[in-house]
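Written out below as structure tokens is the structure these notes cover.
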Amino acid sequence: QVNLAESGGGLVQPGGSLRLSCAASGLPSKMNLYMMSWYRQAPGKERELVATVNGNEIPTYYADNVKGRFTISRENAKSTVHLQMNSLVPEDTAVYYCHVRRLGTSNVFWGQGTQVTVSS
């Protein structure tokens, strides 16, 4: 059974930082065969892709509104993906979801989500 366990969310003041982590377990293939991403969904808005890192641990996508502030990384040996978020603004407030997709298939897995609130 696949499980994506997210951690690191919370309340932070504008300008602050948070580091999200997602630990994957039960994936049936080698870690380098999966794309790993972070999505987020703010209240009343659609879920949006924030960042993606490929199986070689190289970031391949950042949303325009997080470029230069967020950094995605992964450790295949530990089956984890991270999202370092700096210079946070209230508009970053959302539930953040870990997403894993097996290359060449439509097999995707989602974490349960972790709340990030940016407020003074």
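Bear in mind the structure is a predicted one, so any value in this text is a computation, not a measurement.
Note: T80 OG1 to L4 CG = 11.5 Å, rounded to the nearest 0.5 Å. To the nearest 0.5 Å, the span separating CZ on R19 from OG on S73 amounts to 5.0 Å. Expressed to the nearest 0.5 Å, how far SG of C98 lies from CG of N3 amounts to 10.0 Å.
When the side-chain hydrogen bond (donor to acceptor under 3.5 Å, both in side chains) test is applied to K30, no partner is found at least two apart in sequence or on another chain. Judged as a side-chain contact (heavy atoms from CB on, under 4.5 Å), and not counting sequence neighbours, the contacts of L49 are S37, Y39, T52, Y61.
Legend: salt bridge (Lys or Arg N to Asp or Glu O under 4.0 Å) pairs involving residues 76-85, not counting sequence neighbours, sorted by first then second residue: E75-K78. Screening residues 101-120 for salt bridge (Lys or Arg N to Asp or Glu O under 4.0 Å) gives no qualifying pairs among residues at least two apart or on separate chains.
The aromatic rings of Y97 and W110 lie perpendicular to each other, with more than 60° between the two planes, well past the 30° mark.
Grouping the Ile, Leu, Val, Met, Phe, Trp and Tyr side chains by contacts below 4.5 angstrom, directly or via other members, places L27 apart from M35. Hydrophobic clustering (side-chain heavy atoms under 4.5 Å, transitive across Ile, Leu, Val, Met, Phe, Trp, Tyr) keeps F109 apart from V95.
When only modelled atom types and interatomic distance are considered, T60 and N54 share no side-chain donor-acceptor pair under 3.5 Å. Looking only at atom types and distance, the side chain of N86 has a donor-acceptor partner in the side chain of Q84 under 3.5 Å away. For the residue pair H82 / S21, a side-chain donor-acceptor distance below 3.5 Å is found, with atom types taken as modelled.
Residues Y34 and V81 fail the side-chain proximity criterion, which asks for heavy atoms closer than 4.5 Å. Between V100 and V108, every side-chain heavy-atom pair lies at or beyond the 4.5 Å cut-off.
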Sequence neighbours excluded and cut-off under 3.5 Å, please list the side-chain donor-acceptor pairs for residues 113-120, or say none.
unit_1, atom_1, unit_2, atom_2, d
T114, OG1, G9, N, 3.4
Q115, NE2, A94, O, 3.4
Q115, NE2, T117, OG1, 3.3

Got a list of side-chain donor-acceptor pairs under 3.5 Å for residues 62-69, not counting sequence neighbours?
unit_1, atom_1, unit_2, atom_2, d
Y62, OH, I72, N, 2.9
D64, OD1, K67, NZ, 3.2
R69, NH1, S87, O, 3.0
R69, NH1, D92, OD2, 2.7
R69, NH2, N65, O, 2.7
R69, NH2, D92, OD1, 3.0
R69, NH2, D92, OD2, 3.4

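Of all the heavy atoms in M31 and R74, the pair that sits closest is O-NH2, 2.7 Å. Of all heavy-atom pairs spanning P28 and V2, the tightest one is CD-CG2, 4.4 Å. Closest heavy-atom contact between Y96 and E6: O-OE2, 3.9 Å. Of all the heavy atoms in L83 and V50, the pair that sits closest is CD2-CG1, 4.3 Å. S29 and L33 make their closest contact through CB-CD1, 4.0 Å (heavy atoms, listed as atom of the first residue, atom of the second, distance).
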Apply side-chain contact (heavy atoms from CB on, under 4.5 Å) to E48 and R40, showing your working.
-> CA-CA 5 Å; E48 64 171 348; R40 68 185 182 185; 2.6 Å; yes

